[in-house]
Amino acid sequence: MTNPTAAALIARSNRLGADPKNTNYAGGNTSAKGTEIDPVTGQPVELLWVKGSGGDLGTLTEAGLAVLRLDRMRALVDVYPGVEREDEMVAAFDYCLHGKGGAAPSIDTAMHGLVDAPHVDHLHPDSGIAIATAAEGEELTTTIFGDRVVWVPWRRPGFQLGLDIAQIKAANPQAIGTILGGHGITAWGDTSEEAEANSLWIIDTAAAYITEHGSPAPFGSTRSGFEALPEPERRARAAALAGTIRGLASTDKPMVGHFTDSDVVLDFLASEKAPALAALGTSCPDHFLRTKVKPLLLDLPATATVEEQTERLRELHAAYRADYQAYYDAHATAESPAIRGADPLIVLVPGVGMFSYGANTQTARVAGEFYVNAINVMRGAEALSTYSPISDAEKFRIEYWALEEAKLQRMPKPKSHQGRIALVTGAASGIGKAVATRLAAEGACVVVADLDLDKARAAAAELGNEDVAIGVAANVADADAVQAAIDEAVLAFGGLDLVVNNAGLSLSKPLLETTEKDWDLQHDVMAKGSFLVSKAAARVLIDQGLGGDIIYISSKNSVFAGPNNIAYSATKADQAHQVRLLAVELGEHGIRVNGINPDGVVRGSGIFASGWGANRAATYGVKEEDLGQFYANRTILKREVVPENVADAVFVLTGPELSRTTGLHIPVDSGVAAAFLR
C-alpha cells in the first residue's frame, strides 16, 4: 500500500508535469518528507521520497520514486569532501536508501533532502528560465517577486547546490522559493498543496510580468524572404530536404528525425535576431543535453531552391562539425568521456521549420520540444533584458559530466533495427502486417501503408503510439499517391531506411478468361506499384547516403509455372527481375535489394480471403478451408507457410547478419522443388 505522503507527492507531480508551462518532459523533480514504520525496528522512521533519475513528472508512479532515510541522507553533510569532489556524493546516496526497489536517486536528491521543508519542487518552466537566463536576472528576480523568491547564481546541480539552497531557505524564512541562475526554479511548502501553489505562483507571476512589461517584438523585425512558406509548399520543401538533412545528422551514427513547423519555430526563424540567438545556444541543462549546445541554422531565405539549400547545408554541416570539435577540444580534460559525435541534433530551416534528431522517435521529438522551450526562454529573456546563457565551459561540464556518461552507459542495448525507418506496403493485413509487426518489435519505426487508410491506421495503432508506427494511405499504382506516402514517412520519422514492396492482389483465371483489364490491374499494383515505390524511396535513400534495404515480396510463382494464373505469375516474375536490376543499379549507394518467394500463405491473407483462395481451391479440387494444408502437403517439409515466416525472412535480410547480401531471392515455401532457383 502506497504511503499517503508518497501518494500525495505522486498526484502533485502528475499535475505539475501534465502542463508544459510548468516543466519540460522528464525535466525537474519533486519530493516529500514523511514517516513510515521501519519493518526491522517497528519504530517510525523519517523518509524522503523524491523523483528518481530519468523519470517524468507527468507520468510518475511509485516505482519512479527513490526512497531514502532522511537522517542518513542529511548525515552526508558531515563527510562531504567539498565541491571539487561532490560527484562522489551521488554514490553515497545508495547507502541511504530505504527498502528495496525504487528508482536510482538523481543528482538533485541533495537539494530535496537538505532544504528544511517537508515538500520541495524543482521545475524548468519557460517563464522561470527566461528570468534565470536574463542578463539582469538577479535584479529582475527582486523586481518581480520581492523577497518571496531569492536569486541563486549559476551552480552545476549537485550536493553543493543543495547546501546553497538550504542556507538560503534558512536565511530567508519569508521566501517560498528561488530562481536558479541559468537553470530553473525551486519552491517549497509545509504541505504538498502549499508547495504546488508556490511553484505555480512563481511560474505564473513570471509569465504575467513578461507579458505586461516585455517588449512586443523581442526577436526584432522580420527578415524579408525568411517568412514561412505556405503550408503545402512548406511541407513539400521539408520532405525534399529531409533525406539530405538526416544524412548529415547521421554522419557519426544513424539518427531518427522529427519535423516541427509550429508558429513558434517559424516566427523565430523569420526574425532578425534568430542567427545571433541560435549561436548562443541553450542554457537549461535539460535543454542542451537533448539539443546539443546549439543548433545548425540555415542562413538562406525560404526563396532559395532545394539545390541551393542542400549545397549550403552541406557547407554549414562541415563548419558545425569543426566548431563542435573545437568546443570539445577547448574544454576536455584527460578524464573527460570521448566525444559523442559532432553532428547537430537540431537543424533549423527558415520558412520551413525544425528537424530534430535522436536515437529513436521519442528522443528526436523531445529534442524538438526542448528547443521550442529554448525559443520561449529566449523570447522572455529578450523581452525584459538580454538573453545570457551559461558559458560554453559550464555547458561542457554538464554535457560531458562523468555522472551523465554513467547514465548513458546504463541505457539498454539497442535492438537490431533501432534507428531504422521502415515503410511496408499492403501492411494492414496478412504478410504486410506480420512484417510491420516484426520490424516494430525489433525497434524499427514503421510506416504502415495500405490502400485503406482507416485499416492502415488501425494496424499501426496495434503496434504502439505514433513514436512507433503511423498509418498512411498508399495506392501504389498512382505515382502521386506513392510520393505522398513517402513524404509522410520522412516527415514523421525523418527519413527512410527500409522498404518492403508487399502490396498485391490476385486473380485466378486461365489464359482465355484473363481480360486485358485483369492483366493491367495485376501489373499496375505489383509490377508498376513496386517500381513506383522503389523509385520514390530510392531518391530518399540516395539523398541520405546511409545505404538501406528494398525488399520485394515476390512469390514462388515467379519461377514456378502453375495453372490458371497467367497475369499473377507474370507480374511476380516482373517483380523478381526488378530485384536483380535494382540490386545492380543501387549497389553503388550501399542500397541492398533482395526478394522473398513465399508459397500459399493462406492464413490471415487478404488476397486469399478476397476470392483468390476459393479459385485456387477449385483449381486444385480441394475445399477452401483445406487449402493451406494442401499447399503444405505438396512441399518437401510438409509444413504450412504463415505470414510470420515471411516476416522472419524480412528480419534476417534487413538485419546486420547479411550486410553483404544483395540480389538474393529467399524461398519461404517449405520446399517446392519445382521452384528451386537455378
Side-chain angles (χ1 to χ4, degrees), residues 1-17 28-57 59-81 86-123 157-170 173 176-177 186-199 403:
M1 184 176 179
T2 303
N3 182 286
T5 300
L9 170 62
I10 293 167
R12 176 174 103 236
S13 303
N14 293 162
R15 288 192 297 270
L16 289 170
N29 30 71
T30 53
S31 68
K33 303 177 182 75
T35 59
E36 192 163 81
I37 299 299
D38 188 327
V40 174
T41 66
Q43 299 300 311
V45 59
E46 195 171 8
L47 300 177
L48 169 72
W49 289 269
V50 59
K51 192 205 83 169
S53 178
D56 172 56
L57 290 175
T59 56
L60 183 67
T61 63
E62 186 172 11
L65 294 173
V67 188
L68 296 88
R69 283 275 300 261
L70 193 57
D71 58 344
R72 294 180 65 81
M73 198 254 119
R74 288 179 168 169
L76 293 177
V77 173
D78 299 330
V79 296
Y80 175 49
E86 69 171 342
D87 290 358
E88 298 173 20
M89 304 306 289
V90 175
F93 292 151
D94 289 342
Y95 294 91
C96 306
L97 294 174
H98 175 78
K100 60 182 181 179
S106 77
I107 190 65
D108 287 316
T109 298
M111 177 193 304
H112 292 275
L114 299 179
V115 170
D116 187 19
H119 302 269
V120 179
D121 296 331
H122 168 58
L123 304 170
F159 202 86
Q160 187 60 54
L161 180 60
L163 287 171
D164 292 347
I165 297 177
Q167 292 170 357
I168 287 171
K169 165 78 168 61
I176 63 167
T186 296
W188 48 76
D190 289 335
T191 65
S192 186
E193 294 76 14
E194 185 178 65
E196 182 176 358
N198 288 342
S199 293
L403 297 177

Quiz item: With a 4.0 Å cut-off, would you call Lys51 and Asp108 a salt bridge?
Solution: no
Self-check item: OG1 on Thr186 to CG on Leu123, rounded to 0.5 Å
Solution: 8.0 Å
Quiz item: Can Asp38 and Arg69 be said to form a side chain to side chain contact (heavy atoms under 4.5 Å, CB included), step by step?
Solution: CA-CA 10 Å; Asp38 188 327; Arg69 283 275 300 261; 3.8 Å; yes
Quiz item: Would you find a donor on one side and an acceptor on the other, under 3.5 Å apart, between the side chain of Asn198 and the backbone of Trp188?
Solution: yes
Quiz item: How long is the gap from CD on Glu46 to CD on Glu36, to the nearest 0.5 Å?
Solution: 12.5 Å
Quiz item: Are the side chain of Lys33 and the backbone of His112 linked by a donor-acceptor contact shorter than 3.5 Å?
Solution: yes
Practice problem: Kindly say whether Arg12 contributes a backbone atom to a donor-acceptor pair with the side chain of Glu196 at under 3.5 angstrom? | Solution: no
Quiz item: Say you draw a straight line from OG1 of Thr30 to NE2 of His122; how long is it, rounded to the nearest 0.5 Å?
Solution: 11.0 Å
Exercise. Enter the distance from Leu97:CG to Leu48:CG here, rounded to the nearest 0.5 Å.
Key: 10.5 Å
Self-check item: Minimum-distance pair of heavy atoms, taken over all atoms of Trp49 and Val67
Solution: CD1-CG2, 3.5 Å
Self-check item: Criterion side chain to side chain contact (heavy atoms under 4.5 Å, CB included) on Phe159 and Val90, from CA distance to verdict
Solution: CA-CA 8 Å; Phe159 202 86; Val90 175; over 6 Å; no
Quiz item: Can you name the nearest heavy-atom pair linking Asp94 to Pro105, along with the distance?
Solution: OD1-CD, 4.0 Å
Practice problem: Measure from the side-chain N and O atoms of Asn14 to the backbone N and O of Leu60, and report whether any donor-acceptor pair falls under 3.5 Å. | Solution: yes
Quiz item: Considering all heavy atoms of both residues, which atom of Ala32 and which atom of Thr5 are nearest to each other, and what is their separation?
Solution: CB-CG2, 3.6 Å
Quiz prompt | Any donor-acceptor pair under 3.5 Å from Asp116 side chain to Ala166 backbone | solution = no
Exercise. For Ser192 and Ala8, work out which heavy atoms get closest and say how close.
Key: OG-O, 3.8 Å
Quiz item: Of Leu68, Ile107, Val50, which meets side chain to side chain contact (heavy atoms under 4.5 Å, CB included) against Phe93?
Solution: Leu68
Quiz item: How long is the gap from CD on Gln160 to OH on Tyr80, to the nearest 0.5 Å?
Solution: 4.0 Å
Quiz item: Just by modelled atom types, is the Tyr95 backbone N or O under 3.5 Å from a matching donor or acceptor in the Arg72 side chain?
Solution: yes
Quiz prompt | Closest contact, heavy atoms only, Val115 versus Arg74 | solution = O-NH2, 3.7 Å
Self-check item: From Asp71 atom CG to Leu76 atom CG, the distance as rounded to the nearest 0.5 Å
Solution: 10.5 Å
Quiz item: Does a side-chain heavy-atom distance below 4.5 Å link Leu163 with Leu114?
Solution: yes
Quiz item: Where do Ala103 and Gly64 come nearest, in terms of heavy atoms and distance?
Solution: CB-O, 3.5 Å
